[in-house]
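To keep things clear, I will list the structure first and then write my remarks on it.
Numbering of ligands and ligand atoms starts at 1, following listing order.
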Amino acid sequence: MSLLSIVLPSYNEEQNIVNTGKVLSELMEKNGIDYELVFVSDGSKDNTYAEICKLEQMNSHVKGAEFSRNFGKEAAIFAGLELASGDAVVVMDCDLQHPPEVILQMVEKWEAGAEVVEGIKNSRGKENIFHKAFANIFYGIMSSLIKIDMKSSSDFKLLDRKVVNALLEMPEKETFFRALSFWVGFKKESVYYDVRERQFGSSKWSFGSLVRYAISNVTGFTTLPLKFVSWFGVIFVILGVGLGIQTLVKFCMGTAVEGFTTVILLLLMTGGLIMVSLGIIGNYIARIYEEVKGRPRYIISKVTDNMPEQVKGAWKKND
Ligand code: UDP
Ligand code: MG
């Protein structure tokens, strides 16, 4: 019988762990699915890890790990993928905003031959208007840049073992799970769901962290912004030549105007564009710098008793 791993990145989710664990285990047991729950506490500042250990005592299908600090949801997802041993892996939020029943449809499609089952949002649930607008703009840009429709995509998906292994082989440190699972290819199916409301705790995303996430994902996936920089240059050269000829002609004809306003406007425009271009280039250099350092994606400080011995051994060395 095949094993289904459910990976749950958790950051300050002490109120959710036990409840989510219970809901998922009941669902799996009722439907006769062999499963494991892999909780990754992302350097939580509350009792999330203690709750994971408590849940593990109650349910032998649970295992978990704790990061040495907050490394972000992406890192927690990848740690979960690495620690999962199932033939298929479902990644979902541990606040039950991703409806657990949808996992059954995902498993059905997987058993029918799909290798990636994407969870697609019917609606984005209750988000504030800025968050919604920002998400729309960001995913609009991303979709056209990487030629994949990302507007309704989420981190809620099922991946076959082959796909998990392909993802784990990618060397980059800054990942974008949502788009990478498109990028790797494989046979895809979709299931649709409505985002539920959070019962306990609150969302971990601030506007600033969303903007950083967006920039990192755009630079991680496409070099198109760098090409914009060249286009800015070409457009300015063409404009410059045109304006230069006009100015010279006027000068020769003795009708040159006193062009203070024009000069100031041109200075401000070119100055602005140069700064923006430097910013774009800088972002890519920063990314190269981060990747070249070759630091690990995350550092695990503790793993629970249910982790396989070799995993425990590997992390104990860091004690
Ligand atoms: N999360 C995480 N690390 C972080 C932020 C969030 O592991 O730095 C987890 C969080 O515990 C939750 C999931 O990612 O399981 C989604 O986070 P959240 O519910 O805050 O986001 P939202 O649903 O509001 O988009
Ligand atoms: Mg949530």
Which atoms of ligand 1 have any heavy atom of [X] under 4.0 Å away?
X	result
D95	19 (O), 23 (O)
G72	3 (N), 8 (O)
P9	7 (O), 9 (C), 10 (C), 11 (O), 12 (C), 15 (O)

Which bit of [X] is near ligand 1, meaning a heavy atom under 4.0 Å away: side chain, backbone, both or neither?
X	answer
V40	neither
D93	both
E13	side chain

Check the angle between the aromatic planes of H98 and F156 and answer parallel, tilted or perpendicular using the 30° and 60° thresholds.
parallel
Which of parallel (below 30°), tilted (30 to 60°) and perpendicular (above 60°) describes F67 and F71?
perpendicular
Using a cut-off of 2.8 Å, count how many protein N, O or S atoms are strictly closer to the Mg ion (ligand 2).
2
Applying a strict under-4.5 Å side-chain criterion to I, L, V, M, F, W and Y, I'd like to know whether M275 and L268 cluster together.
no
Does the side chain of Y35 come under 3.5 Å of the side chain of E29 through a donor N or O and an acceptor N or O?
yes
Any luck finding a side-chain donor-acceptor pair between K121 and Y192 under 3.5 Å?
no
State the CD1-CH2 distance between I103 and W110, to the nearest 0.5 angstrom.
13.0 Å
Between D46 and the options E13, E51, Q15, E14, the side-chain contact (heavy atoms from CB on, under 4.5 Å) test singles out E14
With sequence neighbours excluded, tell me which residues meet side chain to side chain contact (heavy atoms under 4.5 Å, CB included) with S181.
E118, K157, L159
Within 6.0 angstrom of F251 CZ, more than 12 heavy atoms from elsewhere
no
Heavy-atom nearest neighbour of atom 3 (N) of ligand 1 within options T48, I77, D42:
D42
